[in-house]
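What's counted below: heavy atoms across the whole structure, side chains too, no hydrogens, waters or symmetry copies. Quick note on labels: first sequence line is chain A, next is B, and so on, each numbered from 1. Just so it is clear, the model here is predicted, and its values are computed rather than measured.
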4 protein chains.
Amino acid sequence: MGIKERRERERETRRNQIMAAAKRVFSSKGFNRSTMEDIANDAELSPGTLYLYFKNKEELYASLSVEALQTLTKRLEEVNEKNDLNPEEKLMALTESLYASYEANPLTFINMFHLQSSITLKNLSPELMSTIKKLSGSTLGACAKVFEEGVNEGFFIDNHPVAFADIFWGLFSGIVLWEESKRIIDYDKDYLKETLEIAFRIFGRGIRKGQNS
Amino acid sequence: MGIKERRERERETRRNQIMAAAKRVFSSKGFNRSTMEDIANDAELSPGTLYLYFKNKEELYASLSVEALQTLTKRLEEVNEKNDLNPEEKLMALTESLYASYEANPLTFINMFHLQSSITLKNLSPELMSTIKKLSGSTLGACAKVFEEGVNEGFFIDNHPVAFADIFWGLFSGIVLWEESKRIIDYDKDYLKETLEIAFRIFGRGIRKGQNS
Amino acid sequence: MGIKERRERERETRRNQIMAAAKRVFSSKGFNRSTMEDIANDAELSPGTLYLYFKNKEELYASLSVEALQTLTKRLEEVNEKNDLNPEEKLMALTESLYASYEANPLTFINMFHLQSSITLKNLSPELMSTIKKLSGSTLGACAKVFEEGVNEGFFIDNHPVAFADIFWGLFSGIVLWEESKRIIDYDKDYLKETLEIAFRIFGRGIRKGQNS
Amino acid sequence: MGIKERRERERETRRNQIMAAAKRVFSSKGFNRSTMEDIANDAELSPGTLYLYFKNKEELYASLSVEALQTLTKRLEEVNEKNDLNPEEKLMALTESLYASYEANPLTFINMFHLQSSITLKNLSPELMSTIKKLSGSTLGACAKVFEEGVNEGFFIDNHPVAFADIFWGLFSGIVLWEESKRIIDYDKDYLKETLEIAFRIFGRGIRKGQNS
DNA sequence: GATGAATGAGTATTCATTCAT
DNA sequence: TATGAATGAATACTCATTCAT
């Protein structure tokens with residue numbers, strides 16, 4: 001059993017080693033221009049070894065997004081557990097968590113958005129697909145919970161509370177992608193953080209109760 | 001002269017014929033899985049002919065987004081020219097224009113979002129790049145004008161009017177991509193229109209003046 | 001008949017126009033990298049027109065060598081007709097003719113050598129092949145005549161007079177090709193003329209009679 | 001270490017296997033009409049494997065000439081090391097070495113001449129280019145040494161000993177190419193060996209001292 | 001488990017040639 | 001004659017994946 005555990009731990013280490021390399025390579029070249037050999041070289045392993053840990057290139061790629069989603073979900077759930085915050089404060093914390101996750105790993109984060117809306121998604125193994133589905137649900141659920149609470153406690157308007165989480169998430173990802181594209185086009189400006197702050201302030205204002213709408 | 005003009009018209013027709021085929025093929029298979037031969041077959045032309053009208057696969061792909069951007073820009077500018085609408089009504093009209101463009105060609109529209117935030121952008125010819133840059137600017141400019149007007153006329157809050165257009169655009173694209181990904185994951189639900197309506201109502205509420213913020 | 005003649009003359013003009021363009025293009029890019037469109041552009045004609053005057057790309061290419069061979073043959077025969085020169089003087093004149101032809105059109109001249117020893121030769125039309133064969137024969141014949149005369153008149157040794165022409169021609173083309181390759185490798189030196197002079201002096205010395213061999 | 005050595009040896013074997021196939025295919029079809037698939041089939045390997053050993057088609061082609069040059073250089077240097085021969089005997093040995101190399105591999109030898117005077121040369125990798133340059137220098141150097149020695153020891157005339165090697169080499173390659181072209185044109189005759197013998201006898205006579213020039 | 005040599009299917013692109021006008 | 005748009009066959013090269021060691 002001790003041996004089995006050690007094996008398991010070693011296996012996990014190797015997996016992480018590969019994912020770290022994949023993250024670097026995919027981030028710098030994008031999915032198509034990255035080759036399995038590039039990743040193997042970066043990980044100081046042979047190409048064949050990658051296939052002992054990941055079924056194929058797509059699953060390796062998707063696993064990075066899964067990892068990012070996991071971290072994010074965990075952070076969002078932690079926000080929910082902070083019972084000393086009122087809904088409005090939780091909304092701020094949610095926003096900060098999203099941004100922190102983005103900052104920790106901008107490119108993987110962006111890829112995650114792409115993954116979610118692409119044909120790639122259709123080619124994953126059922127298991128991975130299911131994992132993504134579940135994580136995606138958790139992430140959204142964590143957000144939704146904040147909004148439901150806010151509606152119930154009379155902080156937020158109650159027109160359509162179920163859609164708030166979608167809008168919150170869409171607002172964030174849309175602005176990140178859009179600002180990134182402007183950065184590519186203009187090469188220099190970077191208003192992302194500022195824009196996000198304004199966006200979420202407007203969003204908060206839009207859903208806060210006690211305003212004449 | 002008459003001949004020259006006819007040639008030009010024929011050339012334009014052929015170009016459109018190719019783009020229509022490309023739109024169908026790219027939409028159903030995505031960029032990577034679509035081959036130039038697929039597109040040629042769909043257009044009932046030979047592969048070689050495609051290269052008489054488009055420098056390479058990437059430029060053909062990008063030209064679809066350019067077309068979508070052009071249509072969109074035109075629509076948004078038309079909204080601005082409607083002098084009988086007040087800023088709040090213009091905001092509604094803007095929203096409707098975006099949605100109409102999306103509905104007319106969902107997949108090209110989504111690809112346009114992807115194009116804007118991807119490595120692809122870096123490999124286009126300078127001319128096409130410049131076109132995209134200009135169109136992108138026009139689109140944003142048309143939105144910005146509505147918001148500036150709204151602030152000047154006292155309809156909208158004036159915290160950061162310049163960012164409103166970015167947020168407006170990001171909000172739309174983010175929700176579209178996100179809802180699309182949920183549709184892929186869940187296969188059946190389609191709340192997009194509803195979610196967008198709520199989103200823009202919240203956004204309008206958030207930037208409308210005369211509310212205690 | 002006057003019309004027919006004019007037609008013929010026009011046809012000849014157009015042919016020359018194409019060959020001049022082909023000479024320029026092939027010289028700068030080599031056979032493979034030159035396209036029929038390149039040549040058509042240079043000639044300010046359309047690609048289709050080229051095929052009204054030349055069966056295909058290879059024949060167009062070969063026709064340049066034919067032209068060079070024709071000029072050369074003519075010059076060599078003129079040498080033979082100079083009855084006031086003795087064999088040794090004729091040999092000098094022969095050498096000068098070869099060099100003059102080379103200088104007038106170095107690259108076509110070099111291509112001619114390549115043509116003569118390549119697989120290309122096998123793909124020509126029988127007519128063109130026959131023309132080349134005949135011209136090649138004339139060229140060599142003109143040289144051979146000088147050597148025969150020289151042997152008969154007791155100027156040159158008579159070991160194997162028939163081979164002298166071959167050696168003479170091979171000596172020239174070999175040195176030209178070799179010096180050209182050295183120029184490509186070293187980029188700067190150009191000893192061609194000097195080397196050729198020495199070579200032919202040695203050759204003359206080698207075949208002159210009255211030396212203890 | 002034993003493993004590493006074996007790997008290296010296997011690698012070398014495979015490289016030779018490919019080069020042998022390439023030699024056969026290029027010899028029968030020429031560079032342009034030979035495809036990488038042809039060569040792969042001949043070598044009983046897959047096309048992809050060829051690229052593990054050669055960067056591209058041109059480098060594979062050039063490597064054949066390099067091999068021929070290497071063999072030749074080695075032979076010529078061996079001639080120089082034969083201290084029991086006088087310069088005139090060395091000249092004969094040089095001639096025989098050239099011819100032996102040609103006979104061992106006529107078509108590769110001819111290609112080598114073509115390579116040296118063509119546009120191809122410009123598209124090789126710097127390393128290969130440098131190798132060719134160096135080998136080319138060695139070959140010529142080996143010849144030059146014989147002539148210098150001959151001049152110093154009073155066997156050969158001393159007009160321009162430095163050019164003798166160039167002429168010697170040019171004489172050989174020119175005659176080979178020229179006789180080959182005549183063989184293509186006439187299909188049957190083969191006077192090459194005979195012509196070469198006469199040529200070198202004349203050359204030897206031309207540079208031998210003690211003759212009234 | 002780990003390797004890395006070998007595979008071979010897959011495809012963008014070119015360009016000589018044709019032919020309707 | 002001249003055009004030039006259209007053709008479509010031909011091919012070098014890549015790279016995800018496998019498997020013998």
Side-chain angles (χ1 to χ4, degrees), chain A residues 7 10-11 14 31-41 43-61, chain B residues 3 6-7 10-11 14 18 32-41 43-60, chain C residues 7 10-11 14 18 31-41 43-61, chain D residues 3 6-7 10-11 13-14 18 32-41 43-60:
Chain A
R7 282 266 164 79
E10 277 171 8
R11 205 178 150 76
R14 186 66 32 119
F31 181 76
N32 282 297
R33 294 186 200 274
S34 301
T35 72
M36 290 301 263
E37 207 187 339
D38 288 339
I39 296 168
N41 286 340
E44 297 184 343
L45 290 168
S46 80
T49 307
L50 269 54
Y51 287 85
L52 297 174
Y53 294 87
F54 297 91
K55 214 181 79 191
N56 54 38
K57 193 184 172 188
E58 292 205 331
E59 297 235 353
L60 172 52
Y61 180 71
Chain B
I3 286 177
R6 186 145 58 93
R7 281 266 161 79
E10 277 171 9
R11 207 181 148 73
R14 191 54 43 111
I18 295 171
N32 283 297
R33 294 187 200 273
S34 302
T35 72
M36 290 303 261
E37 206 186 342
D38 289 339
I39 297 168
N41 286 342
E44 296 184 350
L45 290 169
S46 79
T49 307
L50 269 52
Y51 288 86
L52 296 177
Y53 295 87
F54 298 91
K55 216 180 75 191
N56 55 40
K57 193 182 170 187
E58 290 206 332
E59 296 236 353
L60 173 51
Chain C
R7 282 266 163 78
E10 278 171 9
R11 208 180 147 74
R14 186 64 35 116
I18 294 171
F31 182 77
N32 282 298
R33 294 186 200 272
S34 302
T35 72
M36 289 301 262
E37 208 187 339
D38 288 339
I39 296 167
N41 286 341
E44 298 185 344
L45 290 169
S46 79
T49 307
L50 269 54
Y51 287 85
L52 297 174
Y53 295 86
F54 297 91
K55 215 182 79 189
N56 55 39
K57 193 184 172 187
E58 292 203 331
E59 297 236 351
L60 172 52
Y61 180 72
Chain D
I3 286 178
R6 185 147 56 93
R7 281 268 160 77
E10 278 171 8
R11 207 180 149 75
T13 309
R14 191 54 44 113
I18 294 170
N32 284 296
R33 294 187 200 273
S34 301
T35 72
M36 289 303 262
E37 206 187 339
D38 289 338
I39 297 168
N41 286 341
E44 297 184 348
L45 290 169
S46 78
T49 306
L50 269 54
Y51 289 88
L52 295 177
Y53 295 86
F54 298 91
K55 215 182 75 190
N56 55 39
K57 193 184 169 187
E58 291 206 331
E59 296 236 353
L60 172 52

What dot-bracket string describes DNA chain F from 5' to 3', counting Watson-Crick and G-U wobble pairs whose defining distances are under 3.5 Å, with [ ] for crossing pairs and | for pairs to another strand? .||||||||||||||||||||

Find the distance [X]:[atom1] to [N]:[atom2] and express it as a whole number of Å.
| X | N | atom1 | atom2 | answer |
| --- | --- | --- | --- | --- |
| Phe54(B) | dA12(E) | CZ | C1' | 16 Å |
| Asn41(B) | dT7(F) | CG | C1' | 13 Å |
| Phe31(C) | dC15(E) | CZ | P | 12 Å |
| Asn56(A) | dA9(E) | CG | P | 20 Å |
| Glu58(B) | dT11(E) | CD | C1' | 14 Å |
| Glu37(D) | dA9(E) | CD | P | 10 Å |
| Lys55(D) | dC13(F) | NZ | C1' | 13 Å |
| Glu59(D) | dC13(F) | CD | P | 10 Å |

If you check every side-chain atom of [X], which of [options] has the closest atom?
| X | options | value |
| --- | --- | --- |
| Met36(A) | dT17(F), dG8(F), dT3(E) | dT17(F) |
| Lys57(C) | dA12(F), dT17(E), dT13(E) | dT17(E) |
| Thr35(B) | dA12(E), dT17(F), dT3(E) | dA12(E) |
| Leu52(C) | dT17(F), dA6(E), dT1(F) | dT1(F) |

Strictly below 4.0 Å: does [X] bring a side-chain N or O up to OP1 or OP2 of [N]?
| X | N | result |
| --- | --- | --- |
| Arg14(D) | dA6(E) | yes |
| Tyr53(B) | dA5(F) | no |
| Arg7(D) | dT3(E) | no |
| Ser46(D) | dG8(E) | no |
| Thr49(A) | dT3(E) | yes |
| Arg11(C) | dT1(F) | yes |
| Tyr51(B) | dA6(F) | no |

Crowding at CD, Glu44(A) (>12 non-hydrogen neighbours, <6.0 Å): no

Using a cut-off of 6.0 Å, state whether more than 12 heavy atoms not belonging to Glu10(D) lie near its atom CD. yes

Nearest 0.5 angstrom please: [X] [atom1] to [Y] [atom2], how far?
| X | Y | atom1 | atom2 | result |
| --- | --- | --- | --- | --- |
| Asn32(B) | Phe31(A) | CG | CZ | 8.0 Å |
| Leu45(C) | Leu50(C) | CG | CG | 6.5 Å |
| Arg14(D) | Thr49(D) | CZ | OG1 | 7.0 Å |

Give Leu50(D) one of three labels, base, sugar-phosphate or nothing, depending on what nucleic acid heavy atoms sit under 4.0 Å from its own.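 Nothing, no heavy atom under 4.0 Å.
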
If every non-hydrogen atom of Tyr51(A) is compared with every non-hydrogen atom of Asn56(A), which pair is closest and at what distance? CE2-CA, 4.0 Å

Taking for each residue the nucleotide of DNA chain F with the nearest heavy atom, is it Asn32(A) or Pro47(C) whose nucleotide lies nearer the 5' end? Pro47(C)

Name the residue closer to the 5' end of DNA chain F, choosing between Leu45(B) and Gly48(D) according to the nucleotide with the nearest heavy atom.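 Its nearest nucleotide being more 5', the pick is Leu45(B).
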
By nearest nucleotide on DNA chain E, pick out whichever of Glu44(D) and Ser34(B) is the more 5' one.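 Its nearest nucleotide being more 5', the pick is Glu44(D).
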
Would the distance check show the side chain of Asn41(A) and the main-chain N or O of Asp38(A) forming a donor-acceptor pair, the cut-off being under 3.5 Å? no

Please lay out, stage by stage, how Met36(A) and Leu60(A) fare under the test side chain to side chain contact (heavy atoms under 4.5 Å, CB included). CA-CA 10 Å; Met36(A) 290 301 263; Leu60(A) 172 52; 4.3 Å; yes

